[in-house]
Amino acid sequence: MDTPYLLAGLTAYILAGRAVMRLLSGNSRELALATLNLAGCFYFLFYGGKEHFVLRFATYVALIAGLYVALLIFAERRGGWPWLAFFAPIAALIVVRYMPGEVFIALGHAFGKSWRGVPNMIGISYLAFRCSRLVLEIRNGMVKRPNFLEYLNFAFFLPTMPVGPINTYANYRRGFTEPYKVPVGRAALRILVGAVKYQFLGNLCNQLTYSGLLLDDHPHHWIDLPVAMLFYYLYLYLNFSGFCDMAIGAAALIGIPVPENFDNPFAARNVKDFWNRWHITLSTWMRDVVFSPLSKFFVGKFGIHMADHAIALTIVIVFLLVGIWHGAGWNFAVYGAVHAMGVVTNHYYTIFLKKKLGREKFKAYNENRWIRAVAVIITFCYCGASLIFFANSFPQIKQIFGIFQ
């Protein structure tokens, strides 16, 4: 989409959303906002895209309707029934992400459509986690069950639809129940800063990433590898955090709170700290939904004397899920495993230091500026190097290591 049409469309969406949130109430507001979000998602994310874009969008809407039916039937029942509603969005994600493309091609032929592979369901990973978390919020009595229009708006809220942040329903509804006012200038500046990071600085860094620097069918000196690692790390941060800045700013102008997704991740002193600063909403989801209950289960099963090892096992499972969530290739699983190794190493190293140094010396160790500086540098290099598995498939990694002279 050309930039002038993109800017005009975004401006119209924000102004209309702001007016709807301030001038309407009740079902009238929900209906107007649902219409606006559906139209916005169709125009920005589907219109003029891959073939059968109307059918693909209609399939997405039908999926949301099906997920709402599952929520309606199971979310408030006792026992294990709510888990059916919880896993329904996850199941949809698994089908879209991991089912072989040939299956969708065969289905397309069965219905007389020339589908060429997996449906283009933009933002399905983020939507699945938002909607599954909502089931737990309802089951735990944190929020009331939404009606269909409220659910539709939450699922298709345009600013967070493509790449998050992963908002909770309780936080999202704050914009409907209490005034959420951010100064217009601050929100607009947030959008501008995000646009500069996303469109300008990110694209500059992309020129020296794996695809921009190394995968050009020419031989390279080995020094180009750490250069590509560094600039891919910078590119990914600028691209992702820039989009999140724009999403948070646009949502604020409309009147909807969206949580922060980054907190200076380059200053992390270990891999655990990195995930408290990078993609924060994903880390929070994994902590609340997977890590906390699973670690309690393992501690209960293996005994309190095995608690440290139970936590380590849970960390491995969580980060394998994090890797798989990002993509279907084995390289993503390895990316998750590399970060699991980093967090588990920090877990056991912290236990060792506490036993070896004692409380006071351990506190002094953590407050030592030189130790912190070394830890930050090591963490930066480790996390940046690990992204080679995030950015490239295994054939591409093999190609990269075959070009050095």
Side-chain angles (χ1 to χ4, degrees), residues 1 5-72 88-89 92-93 96 113 119-135 143 145-169 171-176 180 191 243 246-258:
M1 184 181 297
Y5 292 103
L6 178 65
L7 292 176
L10 286 174
T11 302
Y13 171 82
I14 291 172
L15 291 176
R18 188 177 178 89
V20 166
M21 291 296 292
R22 280 159 175 74
L23 301 178
L24 301 178
S25 62
N27 286 332
S28 298
R29 179 168 59 181
E30 297 295 342
L31 179 59
L33 195 60
T35 303
L36 182 62
N37 279 319
L38 287 172
C41 287
F42 178 74
Y43 178 73
F44 290 109
L45 306 180
F46 289 85
Y47 178 70
K50 295 184 178 180
E51 59 181 353
H52 307 304
F53 60 86
V54 175
L55 179 59
R56 292 175 187 272
F57 181 68
T59 303
Y60 217 151
V61 176
L63 169 64
I64 298 303
L67 295 180
Y68 181 72
V69 170
L71 180 142
L72 201 65
L93 170 62
V96 171
K113 302 293 182 181
N120 183 27
M121 304 190 78
I122 298 170
I124 183 67
S125 298
Y126 300 91
L127 181 140
F129 275 21
R130 288 197 306 272
C131 293
S132 61
R133 178 67 178 265
L134 171 56
V135 176
V143 298
R145 189 189 69 206
N147 61 39
F148 181 65
L149 286 176
E150 292 169 342
Y151 187 82
L152 198 66
N153 275 320
F154 176 62
F156 280 103
F157 185 54
L158 179 60
T160 58
M161 176 70 179
V163 294
I166 305 171
N167 207 357
T168 64
Y169 184 75
N171 189 59
Y172 167 80
R173 291 303 298 184
R174 282 174 50 214
F176 294 81
Y180 180 73
I191 295 174
F243 197 99
M246 291 188 287
I248 293 169
L253 286 175
I254 293 171
I256 302 294
V258 172

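Here the options are Y60, Y126, F44, the test is ring-ring contact (aromatic ring centres under 6.0 Å, His included), and the partner is F156; only Y60 passes.
Within the 4.5 Å cutoff, the side chain of I124 has heavy atoms near those of the L63 side chain. Taking 4.5 Å as the limit, every side-chain heavy atom of L158 sits out of range of all side-chain heavy atoms of L36. Contact of the I256 side chain with the F176 side chain is registered, since non-hydrogen atoms from C-beta on lie closer than 4.5 Å.
To the nearest 0.5 Å, the span separating CG on N153 from OG1 on T35 amounts to 8.5 Å. Between atom OG1 of residue T11 and atom CG of residue L253 there is a gap of 10.0 Å, rounded to the nearest 0.5 Å. Between C131 atom SG and L71 atom CG the span is 8.5 Å, to the nearest 0.5 Å.
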**Request:** Check the pair E30, L152 against side-chain contact (heavy atoms from CB on, under 4.5 Å), reporting the backbone distance first and the verdict last.
**Result:** CA-CA 9 Å; E30 297 295 342; L152 198 66; over 6 Å; no

**Message:** Run the side-chain contact (heavy atoms from CB on, under 4.5 Å) test on L33 and M21 for me, step by step, so that the C-alpha distance in whole Å, both residues' side-chain angles and the decisive distance to 0.1 Å come before the verdict.
**Reply:** CA-CA 8 Å; L33 195 60; M21 291 296 292; 4.1 Å; yes

**Request:** Evaluate the side-chain contact (heavy atoms from CB on, under 4.5 Å) criterion for residues V143 and L134: first the C-alpha distance (whole Å), next the side-chain angles of each, then the deciding distance (0.1 Å), finally the verdict.
**Result:** CA-CA 8 Å; V143 298; L134 171 56; 4.0 Å; yes

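Ring planes of Y169 and F154: perpendicular class, angle over 60° (limits at 30 and 60°).
Side-chain N or O atoms of N37 include none that pairs as donor or acceptor with a backbone N or O of F157 at under 3.5 Å. Using a distance-only test at 3.5 Å, with no hydrogens or angles considered, no donor-acceptor pair links the side chain of N167 to the main chain of R130. Counting only distance, with no hydrogens or angles, the side chain of R133 and the backbone of A128 share no donor-acceptor pair below 3.5 Å.
Minimum heavy-atom separation, L67 to Y151: CB-OH, 3.4 Å. Of all the heavy atoms in S125 and L93, the pair that sits closest is OG-CD1, 3.6 Å. Scanning all heavy atoms of the two residues, the minimum distance from G175 to Y180 falls at CA-CB, 4.4 Å. In terms of heavy-atom proximity, L45 sits nearest to P162 at CD2-CG, 3.9 Å.
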